[in-house]
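The next block holds one structure in the form of structure tokens; read it before the comments.
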There are 2 protein chains.
Amino acid sequence: MRLPLDGGQMKRFHLDSPKRKAVSPLKKYELARFVKRRKPKKWSLEEEDALREAVKKYGKGNWKLIWNSRRDVFQERTEVDLKDKWRNMTRYG
Amino acid sequence: MRLPLDGGQMKRFHLDSPKRKAVSPLKKYELARFVKRRKPKKWSLEEEDALREAVKKYGKGNWKLIWNSRRDVFQERTEVDLKDKWRNMTRYG
DNA sequence: CACTAGGGATAGGGTTTA
DNA sequence: TTAAACCCTATCCCTAGT
């Protein structure tokens, strides 16, 4: 399960390793009903600036390092969020 | 590119993944002139009922799952259409 | 095994049609 | 003018690959 949904430090949702027993595909989706998706939150200018600075400093791709470098600003983001945001910010050249 | 515009199974419009080469944003808009908008099609009672049932069963938000659960009825809709329709159906009250 | 890359899905604001 | 239908796309999720 993903915890916590709000407040506290973000952790990425992670399923356990596949088990031996075959599991109906529906299982996963049934789970989905209880594992709420995060509400989309618009990036602030401060966050964008921090990301630009950190990428310049640590290099694109080092998302975990970048995230750790500014926990104060990125508290409610995951390292994957940073990766996704950078993709958006650089999407059209 | 969105295919097909009519007939066959609906697919969502999807741009290719970003390439190395920068692409002018204008490209997209130029493209837009040739990608026709679908002709609005009224939702049938059968479709509305199927949507209500499926949302009850699988939960609001699991649009792809819902779409897959009744392909026969939703054949000419996309999962986004389902989401939009649900928004309309629950908009007031 | 922790992390990243990249394709997929959803949420919500916008736009167009009837 | 309005509501339904449809579109746009930032944000978030999934997971193969390393």
Side-chain angles (χ1 to χ4, degrees), chain A residues 1-3 5-6 10-18 23 25 27-29 31-45 47-48 51 54-55 58-69 74 76-92, chain B residues 1-3 5-6 10-20 25 27-29 31-45 47-48 51 54-55 58-69 74 76-93:
Chain A
M1 313 294 92
R2 185 191 296 121
L3 293 169
L5 273 172
D6 42 22
M10 291 306 308
K11 296 289 184 196
R12 291 224 72 221
F13 172 62
H14 189 260
L15 289 172
D16 294 334
S17 303
V23 173
K27 282 288 186 187
K28 196 181 71 176
Y29 296 115
L31 242 180
R33 278 185 293 182
F34 307 109
V35 180
K36 269 175 61 79
R37 189 185 177 87
R38 281 182 299 159
K39 183 185 180 72
K41 185 170 200 309
K42 198 143 171 53
W43 276 65
S44 70
L45 214 51
E47 289 176 308
E48 295 185 357
L51 181 56
V55 167
Y58 300 106
K60 166 190 174 183
N62 299 313
W63 307 116
K64 192 69 175 185
L65 173 62
I66 289 170
W67 183 82
N68 275 314
S69 77
F74 300 134
E76 50 190 314
R77 308 291 179 182
T78 69
E79 66 272 26
V80 174
D81 291 337
L82 271 48
K83 178 265 298 176
D84 288 333
K85 181 59 179 178
W86 187 254
R87 175 169 54 176
N88 283 343
M89 293 173 71
T90 60
R91 183 148 268 172
Y92 300 111
Chain B
M1 320 297 97
R2 186 192 295 124
L3 292 170
L5 274 173
D6 42 23
M10 291 306 308
K11 296 289 184 197
R12 290 225 70 220
F13 173 63
H14 188 260
L15 289 174
D16 292 331
S17 305
K19 298 301 184 304
R20 291 188 153 286
K27 283 286 188 187
K28 197 183 69 174
Y29 298 116
L31 241 181
R33 292 205 303 257
F34 306 110
V35 179
K36 271 171 56 84
R37 189 186 179 85
R38 282 181 300 158
K39 179 187 178 73
K41 186 169 197 311
K42 267 290 192 186
W43 276 66
S44 69
L45 214 50
E47 288 177 308
E48 296 185 359
L51 181 57
V55 168
Y58 300 107
K60 167 188 174 182
N62 300 129
W63 307 116
K64 191 70 175 186
L65 172 62
I66 290 170
W67 182 83
N68 275 316
S69 77
F74 299 135
E76 51 190 312
R77 308 292 180 182
T78 69
E79 66 272 26
V80 175
D81 290 338
L82 271 49
K83 179 266 299 177
D84 288 334
K85 179 59 179 178
W86 187 253
R87 176 169 53 176
N88 283 341
M89 291 173 72
T90 60
R91 182 157 276 171
Y92 310 106

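The figures here come from the full heavy-atom set of this structure, side chains too, leaving out hydrogens, waters and symmetry mates. Below, chain A is the first sequence line, B the second, and so on; all start at residue 1.
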Who passes side chain to side chain contact (heavy atoms under 4.5 Å, CB included) against Asp84(B), sequence neighbours left out?
Val80(B), Arg87(B)
Mind checking whether Phe74(A) and Leu51(A) have side chains closer than 4.5 Å, heavy atoms only?
yes
Asp81(A) vs Glu47(A) side-chain heavy atoms within contact, under 4.5 Å
no
Distance criterion of 3.5 Å, no angle test: do you see the side chain of Lys64(B) paired donor-to-acceptor with the base of dG8(C)?
no
How many whole angstroms separate atom CZ of Phe74(A) from atom C1' of dC12(D)?
17 Å
Identify the two heavy atoms, one from Leu82(A) and one from Trp43(A), that lie closest to each other, and give their separation to 0.1 Å.
CD1-CH2, 3.7 Å
With sequence neighbours excluded, tell me which residues meet side chain to side chain donor-acceptor pair (under 3.5 Å) with Lys83(A).
none
Polar atom pairs (N or O), protein with nucleotides 2-5 of chain D, under 3.5 Å:
unit_1	atom_1	unit_2	atom_2	d
dA5(D)	OP1	Trp43(B)	N	3.0
dA5(D)	OP2	Lys85(B)	NZ	2.7
dA5(D)	O3'	Lys41(B)	N	3.3

Among residues at least two apart in sequence or on other chains, which ones pass salt bridge (Lys or Arg N to Asp or Glu O under 4.0 Å) with Lys41(A)?
Glu76(A)
Length of the CH2-P vector between Trp63(B) and dG12(C), whole Å:
11 Å
Please report the distance, rounded to the nearest Å, between CD in Glu79(B) and C1' in dA11(C).
13 Å
Roughly how many Å is it from CH2 in Trp86(A) to P in dG6(C), rounded to a whole number?
15 Å
Output one line per pair: protein atom, nucleotide atom from nucleotides 16-18 of chain D, and distance, for all N/O pairs under 3.5 Å.
none

Might you work through the side-chain contact (heavy atoms from CB on, under 4.5 Å) test for Met89(A) and Val55(A), ending with a clear yes or no?
CA-CA 12 Å; Met89(A) 293 173 71; Val55(A) 167; over 6 Å; no
Assert: residue with more 5' nearest nucleotide on DNA chain C, out of Asn62(A) and Lys83(B), is Asn62(A)
Between Lys60(A) (NZ) and dG6(C) (C1'), how many Å, whole number?
11 Å
Taken to the nearest whole Å, CG/Leu82(A) to C1'/dG6(C) is 16 Å
Just to verify, what does Asn88(A) make a side chain to side chain donor-acceptor pair (under 3.5 Å) with, not counting sequence neighbours?
none
Under the side chain to side chain donor-acceptor pair (under 3.5 Å) rule, collect the residues that match up with Lys85(B), sequence neighbours excluded.
Glu48(B)
